[in-house]
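In what follows, a single structure is set out as structure tokens and then discussed.
Chain naming here is simple, since letters A, B, ... match the order of the sequence lines and numbering starts at 1 in each.
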Amino acid sequence: MGKKLRGKDLIKLGFPKNNSINVALGQINRYYKKKKKEQVLQEAKEVLLKPELFKGDGVWGKIAESLLTPVTVKKHALNTTRAPFMIYGEDEIDDQAKYQLYDALKLPVSVAGALMPDAHTGYGLPIGGVLATNNAVIPYGVGVDIGCRMCLTVYPVAVSYLKGKRYRLEKILSEHTKFGMYETHKIKHDHEIFSREEFTTIPLVKKLKDKAYKQLGTSGSGNHFVEFGIVTITDAENEWGIKPGDYLGLLTHSGSRGLGANIAKHYTHLATKQCPLPKHVQQLAWLDLSTHDGHEYWLAMNLAGDYAQACHDDIHKRIGKLIGAKPICKIENHHNFAWKKMVNGVECIVHRKGATPAGKGALGIIPGSMTAPGYIVRGRGNSESLHSASHGAGRLLSRRKCKEKFTKSAINKVLKEHGVTVLGGGVDEAPMAYKNIHNVMANQKELVEVVGTFTPKIVRMDR
DNA sequence: ATGTCC
């Protein structure tokens, strides 16, 4: 904008002297910086005259909303009692994670909650936390890595291939997977997700499209991985009619990269501003789904979830081609996401932050560690857990503690004992940093049944 | 988790 647009310009147009001025200035300064001031004022006038015509518009929609339904931001008080909840494997869970859930259960929008047996402290809702709310979505109830998920492809290949072709499989992982914050594929990989309208209708998402394009099919950092291993099917009554036994498997764990991270950051910021809460629970700020921002977050979150899936698709498609085998089956699930689900007969927003969906018959993957098996599970549809299960073994030691405690050579020794090769991986991802997956599984027998296991053999991670 | 400070 040539000359900066000010509040008094909007008042001159006839804007009411309420929050709509702040909303308008915020939107215009964020998204219309390069537009001519006259042009912006002309459009603002049209919005002022007929706000209902601009509902749903990426930029003007929020301004129209503030004109149609002016709200004063008020501080919410917590309820004095907790919504109903269940904790699974509570002896293994640190108190702070429980307190975080208890706080969340006192939000005026909370309906029910649960804590999974791998739970530990997080921002806002604990990791391993599940929370059902009424028409409200909590960005920190989903987490920063929106759509972080697992994907397992099973190939009709004997596991002797892992030994015989070990070098070739290692080479596939080092050359065809991309890790870390800066690494991308040399050639952009296309995907139908890039034709989604959210990339044009939501201004923030539009700005992230190019980054998302570059990062498609990359894995990121932290605990994300791509690995080959042994799939052992134990349930003879499985849905694919696979004979119980051992097969080659490809397992991936990653999320929505920069796209989801920026969406999470943006809407967390908006939620914090419009949903003031007592200081100790401010990170649980929510967005009302009937508002412009709440609806927009919902669309952006769903896009990020689909993008995360597209990233796994890209990885599995490319690596499958290199192996040259046709998959027998593919199992996948989000573990950082929110869904609209019925809870006690009422539609709720069910947040799962580090929890595997475990509705009746739903298949999922619960990874163990590099040296412990992960589990292929089938949900039992336990309603007290809000149809959820753990998303892994859970951390026993923080990243910082790992750096104090473990050396590279001590980790290599353990890996060697288990016949596991790791390409990359820092001391903070030491297998000893994780809880015993067998305990965790024992603590959620009511939530999932075991279909099979996945034992990692060749792992690639960041660094 | 993320070009880890709006």
Side-chain angles (χ1 to χ4, degrees), chain A residues 4 22 25-31 33 118-129 138-151 177-185 203-205 207-226 252-274 282-283 285 297 300-301 303-305 307-312 315 333-338 351-356 367 391-392 394-395 398-400 402-403 424-426 428-429 433-434 460-463:
Chain A
K4 201 173 154 72
N22 283 331
L25 288 176
Q27 291 292 88
I28 291 165
N29 288 330
R30 188 173 178 102
Y31 298 115
K33 256 186 200 152
D118 62 336
H120 51 100
T121 317
Y123 287 110
L125 199 64
I127 319 290
I138 303 169
Y140 263 139
V142 170
V144 279
D145 192 4
I146 298 171
C148 186
R149 70 200 321 269
M150 305 300 302
C151 182
T177 65
K178 299 289 170 191
F179 281 83
M181 273 192 298
Y182 311 100
E183 220 181 42
T184 56
H185 291 288
L204 173 85
V205 173
K207 284 200 281 188
L208 298 167
K209 185 175 180 178
D210 195 46
K211 181 200 287 283
Y213 224 120
K214 286 182 191 143
Q215 292 183 330
L216 185 85
T218 64
S219 298
S221 55
N223 57 3
H224 290 171
F225 58 73
V226 177
T252 50
H253 175 215
S254 52
S256 53
R257 309 292 284 102
L259 176 67
N262 282 287
I263 290 170
K265 193 166 120 189
H266 178 71
Y267 293 95
T268 296
H269 175 72
L270 292 181
T272 304
K273 275 208 306 193
Q274 55 192 256
Q282 185 57 61
Q283 288 177 326
Y297 173 76
M301 179 200 74
L303 179 74
Y307 174 78
Q309 180 172 30
C311 287
H312 285 260
I315 298 167
N333 66 273
H334 284 331
H335 53 221
N336 282 7
F337 209 63
H351 305 73
R352 292 195 184 92
K353 185 186 190 179
T356 304
H391 80 312
R395 270 198 106 88
S398 67
R399 292 179 184 280
R400 192 174 53 80
C402 287
K403 284 170 193 160
D428 47 347
E429 281 302 325
Y434 289 88
R460 173 134 197 246
M461 302 190 85
D462 188 22
R463 286 190 297 161

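If you measure from atom CG of Leu259(A) to atom P of dT2(B), you get 12 Å, rounded to the nearest angstrom. The nearest whole Å value for the distance from the CD atom in Gln215(A) to the C1' atom in dT2(B) is 9 Å. Regarding Tyr123(A), its OH atom lies at a distance of 14 Å from the P atom of dT4(B), rounded to whole Å. Whole-Å rounding puts the Lys207(A) NZ to dC6(B) P distance at 12 Å. Put simply, OH on Tyr182(A) is 11 Å from P on dT2(B), counting in whole angstrom units. One interatomic measurement links the two molecules: CZ of Arg257(A) to P of dT2(B), which rounds to 5 Å at whole-angstrom precision. A straight line from NE2 of His266(A) to C1' of dC5(B) spans 17 Å, rounded to a whole angstrom. Taking atom CG on Leu204(A) and atom C1' on dT2(B), their separation rounds to 14 Å, with Å as the unit.
Counting only N and O atoms by type, the side chains of His224(A) and Asp145(A) include a donor and acceptor under 3.5 Å apart. A donor-acceptor pair shorter than 3.5 Å can be found between the side chains of His312(A) and Thr252(A).
A sub-4.0 Å separation between OP1 or OP2 of dC6(B) and a side-chain N or O of Lys265(A) is present.
Counting non-hydrogen atoms under 4.0 angstrom, Arg399(A) reaches the backbone sugars and phosphates but no base. As judged by a 4.0 angstrom heavy-atom cut-off over every strand, Gly220(A) is placed among residues touching the sugar-phosphate backbone only. Residue contacts shown for Glu183(A) are absent, as no nucleic acid heavy atom lies under 4.0 Å away.
In this structure, Arg395(A) does not pair ionically with Asp428(A), as no charged nitrogen and carboxylate oxygen lie closer than 4.0 Å.
Applying the salt bridge (charged side-chain N to carboxylate O under 4.0 Å, His left out) criterion to Lys214(A), with sequence neighbours excluded, gives Asp210(A).
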